[in-house]
Amino acid sequence: VQLQASGGGLVKAGDSLRLSCAASGRTFGNRIMAWFRQAPGKDRGFAAAIGRSGAVTRYADFVKGRFTISRDNAKNTVYLQMNSLEPEDTAIYYCAVDSFDGRVFPTTFIGGYELWGQGTQVTVSS
């Protein structure tokens, strides 16, 4: 069972990127999925999460309407559309799966997630 994140890259401020995280080995349609990020020298922190059906989402304050999380349960994949990127968004972005079946509202607590992907680097130049 693993998560494979992709879609990162080097972009300029104001550009967009779409991250993908594909799960393999089992399905996660019954689990909340999330994106976290870790900037150089900083702790890993919550970015966005999405409920099991996609109807519920939760975002960190820094997103400010720029990011959209979505999922395709048929493809066992979660996405993060990132628009209006800023240099401060430079980080490694990780996807993760909620530790529990059946949680309705996503937690921002890093300890609530398990099965982390390997991360994808996003670098935004000014």
Side-chain angles (χ1 to χ4, degrees):
V1 180
Q2 62 178 1
L3 301 178
Q4 181 71 42
S6 62
L10 172 61
V11 297
K12 296 180 179 179
D15 285 351
S16 299
L17 280 174
R18 188 191 193 206
L19 307 183
S20 299
C21 175
S24 60
R26 60 160 288 185
T27 59
F28 293 103
N30 62 332
R31 300 271 184 110
I32 288 169
M33 297 187 73
W35 288 95
F36 284 71
R37 71 182 192 181
Q38 186 166 16
K42 295 187 177 181
D43 292 336
R44 192 174 302 187
F46 175 79
I50 187 166
R52 292 168 291 167
S53 69
V56 176
T57 57
R58 187 173 185 180
Y59 296 95
D61 289 344
F62 69 77
V63 170
K64 293 178 288 186
R66 301 178 298 127
F67 296 180
T68 301
I69 189 171
S70 61
R71 68 190 295 165
D72 185 337
N73 287 338
K75 295 182 179 180
N76 222 19
T77 300
V78 63
Y79 305 97
L80 187 66
Q81 176 67 43
M82 304 187 296
N83 300 327
S84 302
L85 283 163
E86 304 168 350
E88 294 75 20
D89 295 315
T90 294
I92 300 174
Y93 285 72
Y94 298 91
C95 55
V97 178
D98 196 312
S99 301
F100 300 102
D101 288 341
R103 196 195 312 263
V104 175
F105 192 70
T107 179
T108 62
F109 175 51
I110 194 171
Y113 295 89
E114 62 181 14
L115 193 60
W116 294 84
Q118 87 289 0
T120 185
Q121 176 71 50
V122 172
T123 303
V124 185
S125 63
S126 57

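Predicted model, so just to flag it, every value in this text is computed and none were measured.
No more than 12 heavy-atom neighbours from other residues, nucleotides or ligands sit within 6.0 angstrom of CZ on F100. The number of heavy-atom neighbours closer than 6.0 Å to CG of D43, taken from other residues, nucleotides and ligands shown, is 12 or below.
Contact detail for L17 and G9: the closest heavy-atom pair is CD1-N, 4.0 Å. Scanning all heavy atoms of the two residues, the minimum distance from Q118 to L3 falls at OE1-O, 3.5 Å. Nearest heavy-atom pair, A49 versus P106, reported as atom, atom and distance to 0.1 Å: CB-CB, 3.5 Å. Nearest heavy atoms, R71 versus G29: NH2-CA, 3.9 Å. In this structure, V122 and M82 approach most closely via the heavy-atom pair CG2-CE, 3.8 Å.
For the pair L85 and F67, the minimum side-chain heavy-atom distance is below 4.5 Å. In this structure the side chain of Y93 never reaches within 4.5 angstrom of the side chain of C21, judged on heavy atoms. You'll find the side chain of F28 stays beyond 4.5 Å of the side chain of V78, heavy atoms only.
The salt bridge (Lys or Arg N to Asp or Glu O under 4.0 Å) search around D98 returns R103, not counting sequence neighbours. In this structure D61 satisfies the side chain to side chain donor-acceptor pair (under 3.5 Å) test with no other residue, sequence neighbours excluded. Listed by chain and residue number, F46, Y113, W116 satisfy the ring pair (Phe, Tyr, Trp, His ring centres under 6.0 Å) test with F36 (two or more places apart in sequence, or in another chain).
Applying the salt bridge (Lys or Arg N to Asp or Glu O under 4.0 Å) definition to pairs two or more places apart or across chains, those involving residues 110-126 are R31-E114. Sorted by first and then second residue, the side-chain hydrogen bond (donor to acceptor under 3.5 Å, both in side chains) pairs with a member in residues 48-60 form an empty list; sequence neighbours excluded.
Following chains of ILVMFWY side-chain contacts shorter than 4.5 Å, one cannot reach I92 starting from L80, and the two form parts of different hydrophobic clusters. Hydrophobic clustering (side-chain heavy atoms under 4.5 Å, transitive across Ile, Leu, Val, Met, Phe, Trp, Tyr) groups I69 together with V97. Residues W35 and V11 share a hydrophobic cluster, clusters being chains of Ile/Leu/Val/Met/Phe/Trp/Tyr side chains in contact below 4.5 Å.
Checking Q4 against S6 by side-chain atom types alone, no donor-acceptor pair falls below 3.5 Å.
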Check the pair T90, Q121 against side chain to side chain contact (heavy atoms under 4.5 Å, CB included), reporting the backbone distance first and the verdict last. CA-CA 8 Å; T90 294; Q121 176 71 50; 4.1 Å; yes
### Task
Any chance you could lay out the side chain to side chain contact (heavy atoms under 4.5 Å, CB included) test for R37 and D89, step after step, and finish with the verdict?
CA-CA 9 Å; R37 71 182 192 181; D89 295 315; 2.8 Å; yes
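Once rounded to the nearest 0.5 Å, the distance linking OG of S126 with NZ of K12 reads 10.5 Å.
Put simply, the side chain of D72 never gets that close to the backbone of T77: no donor and acceptor are under 3.5 Å apart.
If you chain together ILVMFWY residues whose side-chain heavy atoms come under 4.5 Å of each other, F105 ends up grouped with V56.
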